[in-house]
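In listed order, ligands and their atoms are each counted from 1.
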Amino acid sequence: MSDQTTTPPKTGIEIKVDRPKLYKVILVNDDYTPREFVVTVLKIEFRLTGDQASRVMMTAHTRGVCVVSVYTRDIAETKATRAVDLAREKGYPLMFTTEPEE
Ligand code: TYC
């Protein structure tokens, strides 16, 4: 059986790998999307618990926006797109945006 965890032989070559840049997914408030639906999307697409989803929804509702979570760029964009698609299927104007972390 091969051991995937052994250290490779020393070659004198040092490979440095940067940590990937992280992107915030931001939930944007609107006047039309039902609160219950926002919570459902946060639970399904961002795997938040009911409690976390309610808090994030209420923060966006009262302050205008709320950071949902941070991911690598591809994952942030995919999740935001999928969440918006779920809302459009129901005819709601719910919006998620992404932006790089400082
Ligand atoms: N403001 C919406 C309402 O009162 C609920 C809502 C909350 C919508 C957060 C979007 O990001 C949002 N029905």
Show the atom names and distances, to 0.1 Å, of all donor-acceptor pairs under 3.5 Å that link a side chain in residues 53-62 to residues at least two apart or in another chain.
residue	atom	partner	partner atom	Å
S54	OG	G50	O	2.9
R55	NE	D51	OD2	3.4
T59	OG1	R55	O	2.9
H61	NE2	R35	NH2	3.0
T62	OG1	M58	O	2.9
T62	OG1	T59	O	3.3

Quiz: residues 95-102 side-chain donor-acceptor pairs under 3.5 angstrom, not counting sequence neighbours:
residue	atom	partner	partner atom	Å
E99	OE2	K24	NZ	3.3

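Both the sub-6.0 Å distance and the 45° axial angle are not jointly satisfied by K90 relative to the ring of F37.
Note that CG of D30 is 10.5 Å distant from OH of Y92, once rounded to the nearest 0.5 Å.
Under the side-chain contact (heavy atoms from CB on, under 4.5 Å) criterion, T72 pairs with P20, L22, I75, sequence neighbours left out.
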Any protein N/O atoms within less than 3.5 Å of an N/O atom in ligand 1? List the atom names and distances, or say none.
residue	atom	partner	partner atom	Å
ligand 1	1 (N)	N29	OD1	2.8
ligand 1	1 (N)	D30	O	2.7
ligand 1	1 (N)	H61	ND1	2.9
ligand 1	11 (O)	V28	O	2.8
ligand 1	13 (N)	T33	O	2.9

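Counting heavy-atom neighbours within 6.0 Å of R82 CZ, excluding the residue itself, gives a total of 12 or less.
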